[in-house]
Amino acid sequence: QVQLVESGGDSVQPGGSLRLTCALSGFAYNYYAIGWFRQAPGKEREGLAAIGIMEPAGHVANPVKGRFTISRDNVKNMVYLQMNNLKPSDTALYSCARRSDFVPGTLNPLLIGEYEDWGQGTQVTVSS
């Protein structure tokens, strides 16, 4: 059974940091790219970062570049989203999802329609 389970969400003050974890199981991990997304109430789902099998740094969306980084642990089958300098506008439900691994020429690694099998999400709340 394919499973993606997020954890690490919490309530933090502005300027704080969190590391979210996406634990993967039930599928051949080394054939898939993993992406992180978020959705705030009343807003559309937004792509944040994605990482392919052979990518050390992955792709980070411009709105969060410089504050968010993505990484993966191929031994533990986990993908992480490190979030620094959090802002109230970062408040949302954060989810991870899988898609087929990126190929040369992939134009939009964060195209939501390319992702299948989503996790349930973990809530991040940033407020003072």
Does the [X] side chain pair with the main chain of [Y], one donor and one acceptor, at a distance under 3.5 Å?
X    : Y    : answer
T125 : T91  : no
R72  : G52  : yes
E6   : Q120 : yes

Going by salt bridge (charged side-chain N to carboxylate O under 4.0 Å, His left out), name the residues that satisfy it together with R38, two or more places apart in sequence or in a different chain.
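If we apply the salt bridge (charged side-chain N to carboxylate O under 4.0 Å, His left out) test to R38, skipping adjacent residues, the hits are E46, D90.
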I need the single residue from S89, S11, P14 that forms a side-chain contact (heavy atoms from CB on, under 4.5 Å) with V126. Which is it?
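Of the listed options, the one satisfying the test is P14.
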Can you run down the salt bridge (Lys or Arg N to Asp or Glu O under 4.0 Å) pairs that involve residues 9-18, sequence neighbours left out, and say none if there aren't any?
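Non-adjacent pairs meeting salt bridge (Lys or Arg N to Asp or Glu O under 4.0 Å): zero.
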Which pairs, with at least one residue in residues 109-128 and sequence neighbours excluded, count as a ring pair (Phe, Tyr, Trp, His ring centres under 6.0 Å)?
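Every pair satisfying ring pair (Phe, Tyr, Trp, His ring centres under 6.0 Å) with a residue in residues 109-128: F37-Y115, F37-W118.
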I need the full list of ring pair (Phe, Tyr, Trp, His ring centres under 6.0 Å) pairs touching residues 2-33, with sequence neighbours left out, sorted by first then second residue.
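Only F27-Y32 qualify under ring pair (Phe, Tyr, Trp, His ring centres under 6.0 Å).
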Using a cut-off of 6.0 Å, state whether more than 12 heavy atoms not belonging to Q39 lie near its atom CD.
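Yes, enclosed.
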Shared hydrophobic cluster for L111 and L4 (ILVMFWY, side-chain gaps under 4.5 Å):
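Different clusters: L111 never reaches L4 through Ile, Leu, Val, Met, Phe, Trp or Tyr contacts under 4.5 Å.
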Do L48 and F102 sit in the same hydrophobic cluster, where Ile, Leu, Val, Met, Phe, Trp and Tyr count as joined when their side-chain heavy atoms come under 4.5 Å apart?
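No; tracing contacts between hydrophobic side chains, which count when under 4.5 Å, never links both residues.
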Does D73 have any side chain to side chain donor-acceptor pair (under 3.5 Å) partners at least two apart in sequence or in another chain, and if so, which?
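Result, side chain to side chain donor-acceptor pair (under 3.5 Å) vs D73: none returned.
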Sequence neighbours excluded, which residues qualify as side chain to side chain donor-acceptor pair (under 3.5 Å) partners of D117?
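Counting only residues at least two positions away or on another chain, D117 forms a side chain to side chain donor-acceptor pair (under 3.5 Å) with R98.
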Can you run down the disulfide bond (SG atoms under 2.5 Å apart) pairs that involve residues 2-113, sequence neighbours left out, and say none if there aren't any?
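Listed once each, the pairs are C22-C96.
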Could you list the donor-acceptor pairs under 3.5 angstrom formed by side chains in residues 78-88, with sequence neighbours left out?
from : atom 1 : to  : atom 2 : distance (Å)
Q82  : NE2    : N84 : OD1    : 2.9
N84  : OD1    : S17 : OG     : 3.0

So which heavy atom on G8 is nearest to which on L18, and how close?
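For G8 and L18, the tightest heavy-atom pair comes out as O-CD2, 3.8 Å.
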Side-chain heavy atoms of R99 within contact of T106, under 4.5 Å:
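In short, these two side chains touch, coming nearer than 4.5 Å.
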From I53 CD1 over to D101 CG, what is the distance, rounded to the nearest 0.5 angstrom?
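Nearest 0.5 Å value for the CD1-CG distance: 4.5 Å.
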